[in-house]
Structure formats: structure tokens, C-alpha cells
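None of these values were measured; they are calculated from a predicted model. In what follows, every chain begins at residue 1, and chains take the letters A, B, ... in the order their sequences are listed.
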Protein chains: 2
Amino acid sequence: MSYNYEYARAALTVDCVVFGLDDESLKVMLIERAIKPFKGKWALPGGFVNVGESLDDAAERELREETGLRQVFLEQLYTFGNPKRDPREHVVSVAYFALTNLEGHDVKADTDAANAAWFAVDDLPQLAFDHEAIVEAALDRLKGKVRYRPVGFELLPEKFTLTQMQKMYEMILEKEMDKRNFRKKVLKLGVLRDTNEVQKDVSHRAAKLYEFDEKAYRKLEKAGINFEV
Amino acid sequence: MSYNYEYARAALTVDCVVFGLDDESLKVMLIERAIKPFKGKWALPGGFVNVGESLDDAAERELREETGLRQVFLEQLYTFGNPKRDPREHVVSVAYFALTNLEGHDVKADTDAANAAWFAVDDLPQLAFDHEAIVEAALDRLKGKVRYRPVGFELLPEKFTLTQMQKMYEMILEKEMDKRNFRKKVLKLGVLRDTNEVQKDVSHRAAKLYEFDEKAYRKLEKAGINFEV
DNA sequence: TCAAAAGTGTTCATCTTACACCCATGG
DNA sequence: CCATGGGTGTAAGATGAACACTTTTGA
């Protein structure tokens, strides 16, 4: 089977920058390429968009196929179209960025990717294609977005402590924050619900656990009050 | 001549949302389609991306070819890939948004477009394809961006009065601002250079003319001080 | 009883907002 | 001399930044 067009066409792919967080650092998921070009190099999960398939669907599908991840927060980032970015031919890639909580997402490359793993964003291996630039753009977007949109919660477990939340902001924004001011500010926002539970199995005073209250957030958003950390 | 691929490929286009400003309103440039589909309907300037051509180049080229505009501020916005957005086949469009000052840019459709004209954003005709959604996205981006990036200056003449600048913000953000507070704030930012010139041919006290001081802005940006209106 | 992290208020400086009148110019 | 927009300051309230000690818990 083959397809014929009057004019030449670039190929179209999606690539996903998936962020995860643990105690140590902000991480990105990479897969080891099983095929040429850049065979053996680390790259972002992604692949070709099918004709008739929306871009969002393609990103979701590739993520599922290559990393086993589903139902993560996924948002279009930017489209990379430099004709030299792929050595084979002109391949335009629509990049997505995704946030997920690392806990319980042990990655197994359950498909044709050779291998999948999390890497700290400040210690990435050399990447295939222009994927370094894509990760860079995703990081910029994350940094810009996290301060005025409640996206960071996707990186945390469902129930989290204020200290975990503060550390998330500190890791993403790469600056330290004052504990008292941080708590005052986020509690005043009114989007955290106290679960009346506390941490278990910690060898110090157990912290309260909070949840992000999506409904409350939507209400505030409609009222024109804006989230800002 | 024809081109052959092993897998089907979507077509790739760019579309540009070009904003301009006059005393009355924020405007968008549209062209009347000379060919099917949607022949006779208004649409965003744009067209097919050539293989081997970068997306930015394609956007610039299409803008030049279809509207005669050059050297406008042009930035990638979002990529629209719904397979149904073009009735012919799956066409993925990378949308750009552009800012230009309307003065002296009399549009002449100097090419194959039937006609080109400016329309107030709050009074657009029915548009071809999903171009309404694209304009919407561009407006959202403009509103979000103008408050913390000095992009609005692209919409003003090179030398402008503070009142013109204030009106620009009021039109984009759709809310009124206090004259004294506005002036205090923007002058304190330190990115406006007083040209020592004043308006001519006005039948009232002539206002001072200012220029945007790009160098000063870059310095402040490097120092980590951020622009915010 | 010690180590480790949780939790909590006040002060000072800065920024935001609201608000009204005189000035310069051309017709 | 009048119409039109240009230009200016102050006070009150809200917000942001700096800062240190006590509490709880498990080992």
C-alpha cells in the first residue's frame, strides 16, 4: 500500500515531555530508542500521528503505548518544524507536556521501546533529535504556568502535606520559599481541603494531609479570583 | 509530479491571526477566500507549508504573499489538528499570532486572495474552517501576554502618548483603568523613553510622545525585574 | 531524651486603589 | 472663551517579606 500526493508532505509526529516528582528532584521520562535514527539514545516518548487522528489523541496513544501511562494531565506545548530536526526527512513534531505523580508509576516500557526511565531534569543524558530544546521549552512552560494555574497538583499524590507542596514549588521554580508565608498564602487561596488525616509511619510529628479542591477552584476562577503562588 | 509515502500523511498549513489597533477597536485581518472550500467566506491569511521550510518561515511567507505585511511581530500560537476541521481531508494547521500597527498598513490583497480587510474583533463575520476558534485562542493569548510582556507596543506607532498606550490596554483587556495610576505604573517601569516631542495638529493640549526602550527592557529583564502592567 | 519535621504571628515596607482639579492648546 | 484631552499627588488599605521558637512524634 502506498499514498500519493500532488505536493510533497512533511511527516507529523507528537512528542511528550512527561514530568514526575519525587523527594529528590523534578524528573522527565525518557525512552531508549530501539530503532534508527539515534538507536540506543534516549528520547522523548512519541511517534507518528495517524491521519484521521487528533493531535491530543495521538499524544495520549503514544504515551500509553510507549510508557504505559494513562490519564495524565496532557497539554499541547509547541510545534517544532525545523526541516533539519530529523536527519531522515522533514518531520514536524507537535510537542506535549504532561504531569504525573511518580508514586506508583513504575515505568515499564511495555512496547516496542527498548527501555523507559525517569531522569532528573538537571542531569539528563544526551537526547535524540532536538529533544533537548523540547524539554527546555516544556520546563519554561511549567515554570511559567505553575505560579498562576493549579497544575502542580498533578505532580503530587492525591493527599499531600503542605511541606510536600512547598517542595514541589521550590523544585520547579528553583528557589527557596519561606515556610510560614507559603502556608499563609496557599491556605488563604481556599483550594485546599483538609482531609482530617495525617501522615503515617513517619518518625516525627505527622503532618496534616490536604487535597486539592477542584470544585472550589472552579468557583473562584469563575468569580474572577486568580490562583497565584 | 507526484509524491509517494508508505503511510498516509495529513497536510500541513499555517494560519496567521494578525492584530491591529486603531482609535475604535482591536482588529483582525481577514482575507476573502478566492477558492473552494469556503469560497467567498472570510478566513485567516495562511496556506500550505512547503517541505524543507520551517514553520516560522512559512508563516512569514504566507503573510507577505497574502497581505503584503512584512516584519511584523510573529509568534507561534497553537496547532489545530482536529481531523474534521477541513472538509477535504485531514489538514493540520499551525496557528501564529501577529501584532502590527495599523497606521500606514493599508491592506491590499496583492496576490491570489480575493480581498483583504480589517475587522473589529468583537464584530467578525462568519469565518471559514475552525478559524473562529483560532481567533479566540489568539485573543486569549494576547490578553494573557500583554500584561507581563511588552508586546503591546507592536500595536502602537513608534512614538505614542501615554493615553494611546492606556487605551491599547483597555481595548485588549476590556476594562477601564485609572489614568493617574496607569501613568505612575508604566513610567516607573523604566522602559519608556521620553522623545521630547509632542503631538502635532491636535486641538487641545499636545501630549508628550514616548518610545519603547527595548534596551532598557532587556537590561531589566536580565536583572530579573519583570514587566507588569 | 533526642532528632526531625510540623506548626504558628507580628512587624515593616511596598504596592494598589480610589479619587478631583488645574493646565495648555486650537478653534 | 470654551471644549478637549493632558497632566498631576495623597491617603488608606492590602499585600508581601523577613524572621525564631514551641510542639509532636517515633526511635
Position toward the 5' end of DNA chain D (nearest nucleotide), A/Ala206 or A/Lys188: A/Lys188

Where does the angle between the aromatic ring planes of B/Tyr217 and B/Phe227 fall among parallel (under 30°), tilted (30 to 60°) and perpendicular (over 60°)? perpendicular

So which nucleotide from C/dG9, D/dG16, C/dT16 ends up closest to the side chain of A/Asn181? C/dG9

Side chain of B/Lys179: nearest nucleotide among D/dG7, C/dA18, C/dA4? D/dG7

Length of the line joining A/Phe182:CZ and D/dT15:C1', which is rounded to integer Å: 17 Å

Rounded distance (Å) that lies between atom C1' of C/dA5 and atom CG of A/Leu162: 13 Å

To the nearest angstrom, how far is B/Met165 atom CE from D/dG5 atom P? 20 Å

Does A/Tyr78 offer a backbone N or O that forms a donor-acceptor pair with the side chain of B/Gln76 under 3.5 Å? no

Assess, by modelled atom type and distance only, whether the side chains of B/Arg183 and B/Thr163 contain a donor and an acceptor separated by less than 3.5 Å. yes

When rounded to whole Å, the CE to P distance for the pair A/Met177 and D/dA18 reads 12 Å

Expressed as a whole number of angstroms, how long is the span from B/Glu228:CD to D/dT15:P? 15 Å

A/His204 NE2 to D/dT25 C1', in whole Å, measures 9 Å

Just list the side-chain donor-acceptor pairs under 3.5 Å for residues 19-30 of chain A, sequence neighbours left out, or say none.
| residue | atom | partner | partner atom | Å |
| --- | --- | --- | --- | --- |
| A/Asp22 | OD1 | A/Glu24 | N | 2.9 |
| A/Asp22 | OD1 | A/Ser25 | N | 3.1 |
| A/Asp22 | OD1 | A/Lys27 | NZ | 3.1 |
| A/Asp22 | OD2 | A/Lys27 | NZ | 3.0 |
| A/Ser25 | OG | A/Lys27 | NZ | 3.0 |

Could you state the atom-to-atom distance from CG of B/Leu189 to C1' of C/dC15 in whole Å? 13 Å

Among A/Lys208, A/Lys159, A/Glu158, side-chain contact (heavy atoms from CB on, under 4.5 Å) partner for A/Thr195: A/Lys159

Can you tell me if B/Arg205 touches the phosphate of D/dG7, counting only side-chain N or O atoms and a distance under 4.0 Å to OP1 or OP2? no

Just to be sure I understand the rule, does B/Thr163 reach a base, reach only the sugar-phosphate, or reach nothing, if contact means heavy atoms closer than 4.0 Å? sugar-phosphate

What is the distance from NZ of B/Lys185 to P of D/dT8, rounded to the nearest Å? 19 Å

Is there a donor and acceptor pair closer than 3.5 Å between the side chain of B/Lys184 and the base of D/dT10? yes

Please work out if B/Asp178 contacts a base, only the sugar-phosphate, or nothing of the nucleic acid, heavy-atom cut-off 4.0 Å. base

What nucleotide among C/dG27, D/dT15, D/dG5 has an atom nearest to a side-chain atom of B/Ser203? C/dG27

Measure from the side-chain heavy atoms of B/Arg180 and tell me the nearest of C/dT25, D/dT8, D/dT4. D/dT8

Within the structure shown, what part of the strands sits under 4.0 Å from B/Lys208 by heavy-atom distance: base, sugar-phosphate, or nothing? sugar-phosphate

